[in-house]
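Report on one structure; see the data block that follows.
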Amino acid sequence: MHAWPASEVPALPGKGRDLRIHDTATGGRITLDPGPVARIYVCGITPYDATHMGHAATYNAFDLVQRVWLDTKRQVHYVQNVTDVDDPLLERAVRDGQDWTELAERETALFREDMTALRMLPPKHYIGAVEAIPGIVPLVERLRDAGAAYELDGDVYFSVETDPHFGGVSNLDAEAMRLLCAERGGDPERPGKKNPLDPMLWMAAREGEPSWDGASLGPGRPGWHIECVAIALDHLGMGFDVQGGGSDLAFPHHEMGASHAQVLTGEYPFAQAYVHAGMVALDGEKMSKSKGNLVFVSKLRHDGVDPAAIRLALLSHHYRSDWEWTDQVLADAVERLGRWRAAVSRPDGLPAEALVEEVREALADDLDAPAALAAVDRWAERQNAEGGTDEGAPGLVSRTVDALLGVAL
Ligand code: 5CA
Ligand code: ZN
C-alpha cells in the first residue's frame, strides 16, 4: 500500500536530546537508546469510518516521537498497518450495503489526506492486513507446530500460557484482562478454549465473508494481533524501539502481539517500549467509531479550519492524558496560531536560541507538548509586544515549530 507524501522537516542548529518516555510495560519513564536508525511500529486504522480527533491525537503523539529522533540526527524506520479486513469493517459494509473493499479503500484514502494535511510524517512501510496474509499464514503454522496454538472447530487459537512473559505489557489482573478481552474483540466465553483469554490467530472461512488461502490452516482470514506481529517482524524485526497506539490497545492487542512474537522467535522483548496515548472524548465518552460520537478531521478541514490549528489543538494536551474535545479547544488553537503567525511575520525579533532548547527539552521529557507550546507562547508574547533586532530569529522559530511540532506557520 502506498502511504502519503512527506512534508519537509527543517534541520535545526545543534542537536536534539534523547527521548525519555513512559513505557506501559515497566510503568515508568525510560530513556530510549535507539541505534542510528530508530525503529517504530504504530498501529494503523481500521478503515470503516473517517479519521476522528482521537485517531489524530494518537498519531500526533507518535509523529512527535519521530521528530525528536530526527532532531538527534537519527534516521527513523516507521511502519504502520491498515486493518483492512476485520469484523467491524465487514459489519459496517453489510450495514450500509456497500462493498467492504471499496469502504476500506475510500476511508484509507481519506486518512492519507488527513495525515498529509496535518503534516504527520508518513511510514516507510504502510501495509494492509490483506497484503500481509501470505506472511501471516506461515507464522500461524509455526505457532501451531510448536504447540503454542490449537484448533477449535477449524479456527486456530494462540495459547497465552505458552509465553512466560504473558501479562507483562499491560500488567493487569485476571479479572481486568477478562473484561477487556470481551470488550475489545476477544471471545472469552467461547466453550472449548484452553484459556478464556486465548486470541484467535486464524478464523476459518465463514459463509458470506471473504477468505484467503491458508495453506495447511484451510481457507480463512487472520486474527487481529498476528496481523501487526507479522508486519512488524517482517519490516522491523524483534526488539524494535517503540510499539505505539492508543491506551485501548495495551490490552489485549499489544499484550497478545508481544506474546505471539516472543513465542515465535524465542526472543524477548518484542519492543523496547510500549507507548500509549490517552483517549479523546466527546460529550463525556471516548470518541469511537462504534459509538458514533465523532469529530472528523476531514469535516473540520472542509469547514475551512486550518489544519495547523487542528494540530495545535492536539498539541495543547499531553499525549498521555485523557481529554475532551470541545469547540473551545479548537477556538483556543485558532487564536494561538494567529498570535504565533503574527510573531514570526517580521524578519527580525527576539533571539530564539534559548527557545529552541526549551522546545527540545520539553519534547524529550515524555513528549511534553503543552510545555513546548507554553515556551513558544512566551516568546511570541514578548515578540508581539516588544520585538527585537535579532535578524533571522522569527525564521528560526518557524523552523523549530515546523521541525519539532509539525506546525507550519
Ligand atoms: N486497526 C487497529 C490497530 S491495529 C485499530 O485499533 N484501529 S482504530 O481505527 O480503531 O484505531 C486507530 C488508532 O487510534 C489506535 O491506536 C487507537 O488506539 C486510536 N484511537 C481510537 N480511538 C481513540 C480515541 N478516542 N482517542 C485516542 N486514540 C484513539
Ligand atoms: Zn495493531
Side-chain angles (χ1 to χ4, degrees), residues 1 24 40-63 65 79-92 103-104 107-108 110-111 114-115 118 120 123 125-130 132 136 169-170 180 183-185 199 222-233 235-236 240 242-261 270-271 274-297 313-314 317-325 329:
M1 234 180 231
T24 304
I40 178 167
Y41 185 95
V42 179
C43 283
I45 53 162
T46 305
Y48 68 89
D49 213 336
T51 323
H52 59 63
M53 299 317 302
H55 300 134
T58 289
Y59 295 110
N60 178 57
F62 297 100
D63 191 72
V65 170
V79 180
Q80 189 181 129
N81 69 306
V82 187
T83 308
D84 58 359
V85 62
D86 201 4
D87 294 341
L89 172 73
L90 298 174
E91 283 159 17
R92 177 63 61 93
L103 172 62
E107 297 304 346
T108 305
L110 188 57
F111 177 71
D114 289 336
M115 292 296 105
L118 293 175
M120 304 284 182
H125 298 284
Y126 192 44
I127 312 286
V130 171
I136 293 172
V169 172
S170 54
L180 288 175
E183 216 176 276
R184 298 175 179 166
W224 174 29
H225 320 305
I226 193 71
E227 164 196 343
C228 285
V229 170
I231 297 169
L233 289 181
H235 295 283
L236 296 173
F240 59 92
V242 167
Q243 157 82 299
S247 58
D248 58 343
L249 296 190
F251 191 89
H253 188 50
H254 290 167
E255 188 74 65
M256 297 299 179
S259 268
H260 292 353
F270 180 46
Y274 299 86
V275 179
H276 293 110
M279 289 291 114
V280 180
L282 182 70
D283 302 330
E285 267 202 279
K286 172 195 160 187
M287 238 185 235
S288 83
K289 289 180 282 204
S290 48
K291 290 199 202 95
N293 56 334
L294 305 169
V295 174
F296 295 120
V297 175
L314 303 173
H317 298 84
H318 191 269
Y319 82 98
R320 281 207 289 133
S321 55
D322 296 330
W323 55 280
E324 173 104 12
W325 178 267
V329 169

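For the single chain, residues carry numbers from 1 onward in sequence order. This structure is a prediction, so every number in the text was calculated from the model and none was measured. Start at 1 and go down the list; that is how both ligands and their atoms are numbered.
At a heavy-atom cutoff of 4.0 Å, ligand 1 is contacted by the side chain of Cys228 but not by its backbone. Contact annotation for Val280 and ligand 1: heavy atoms of both the backbone and the side chain come within less than 4.0 Å of the ligand. Contacts between Asn81 and ligand 1 below 4.0 angstrom, taking non-hydrogen atoms only, involve the side chain exclusively. Contact annotation: for Glu227 versus ligand 1, there are no heavy atoms closer than 4.0 Å. When heavy-atom distances to ligand 1 are checked against a 4.0 Å cut-off, Leu249 comes that close only through its side chain, counted from C-beta outward. Of the heavy atoms in Met53, none comes closer than 4.0 Å to ligand 1.
Residue Val82 forms a side chain to side chain contact (heavy atoms under 4.5 Å, CB included) with just one option from Glu227, Met1, Glu107, and that option is Met1.
Among all protein heavy atoms, the one lying closest to atom 27 (C) of ligand 1 is Gly54 O, 3.1 Å. Given atom 13 (C) of ligand 1, the protein heavy atom at minimum distance is Tyr59 OH, 3.5 Å. When only non-hydrogen protein atoms are considered, atom 11 (O) of ligand 1 lies nearest to His55 CD2, 3.7 Å. Taking atom 4 (S) of ligand 1 as the reference point, the nearest protein heavy-atom neighbour is Trp224 NE1, 3.1 Å. If you check which protein heavy atom lies closest to atom 19 (C) of ligand 1, you get Thr58 OG1, 3.9 Å. Looking only at heavy atoms of the protein, atom 10 (O) of ligand 1 is closest to Lys289 NZ, 3.8 Å. Of the protein's heavy atoms, Gly246 N, 3.0 Å lies nearest to atom 16 (O) of ligand 1. The protein heavy-atom contact nearest to atom 22 (N) of ligand 1 is His52 CE1, 3.5 Å.
Nearest heavy atom pair, residue Asp248 against residue Met279, reads OD1-CE, 3.3 Å. The two atoms that bring Pro88 and Thr46 nearest to each other are CG-CG2, 4.4 Å, heavy atoms only. Of all the heavy atoms in His276 and Ser247, the pair that sits closest is CB-CA, 3.7 Å. The two residues Thr51 and Ala56 come nearest to each other via the heavy atoms CG2-N, 4.4 Å. The two residues Met53 and Val280 come nearest to each other via the heavy atoms O-CG2, 4.2 Å. The minimum heavy-atom distance linking Ser321 with His318 is given by the pair OG-O, 2.8 Å.
At distances below 3.5 Å, not a single donor-acceptor pair connects side-chain atoms of Arg184 with backbone N or O atoms of Leu249. In this structure a side-chain-to-backbone donor-acceptor pair under 3.5 Å is present from Asp84 to Ala129. Judged by distance alone, the side chain of Asn293 and the main-chain N or O of Glu285 form a donor-acceptor pair under 3.5 Å. Looking only at distances, a side-chain donor or acceptor of Glu324 sits under 3.5 Å from a matching main-chain atom of Asp283. Counting only distance, with no hydrogens or angles, the side chain of Asn81 and the backbone of Gly44 share a donor-acceptor pair below 3.5 Å.
Backbone and side-chain nitrogen or oxygen atoms of Asp248 are examined, and one is located within less than 3.5 angstrom of a nitrogen or oxygen of ligand 1.
Listed by number with element, the atoms of ligand 1 under 4.0 angstrom from any heavy atom of Met287 are 22 (N), 24 (C), 25 (N). Interface atoms of ligand 1 facing Gly245, defined by a heavy-atom separation under 4.0 Å, are 16 (O). For ligand 1, the atoms closer than 4.0 angstrom to any heavy atom of His253 are 4 (S). For ligand 1, the atoms sitting less than 4.0 Å from at least one non-hydrogen atom of Thr83 are 1 (N), 2 (C), 4 (S), numbered in the order shown with element in parentheses. Short contacts between ligand 1 and Cys43, defined as distances under 4.0 Å to a heavy atom of the residue, involve ligand atoms 3 (C), 4 (S).
Aromatic ring orientation, His55 versus His52: parallel (interplanar angle below 30°, classes split at 30° and 60°). Aromatic ring orientation, Tyr126 versus Phe111: parallel (interplanar angle below 30°, classes split at 30° and 60°).
Heavy-atom separations between Gly44 and ligand 1 include at least one value shorter than 4.0 Å. Ligand 1 is approached by Gly278 to a heavy-atom distance shorter than 4.0 Å.
Outside the 6.0 Å centre-distance limit, the rings of Tyr41 and Phe270 are not counted as a close aromatic pair.
At a cut-off of 2.8 Å, Cys43 is counted among the residues with an N, O or S atom near the Zn ion (ligand 2). At a cut-off of 2.8 Å, His225 is not counted among the residues with an N, O or S atom near the Zn ion (ligand 2).
To the nearest 10 degrees, the Zn ion (ligand 2) sees SG of Cys228 and NE2 of His253 at an angle of 110°.
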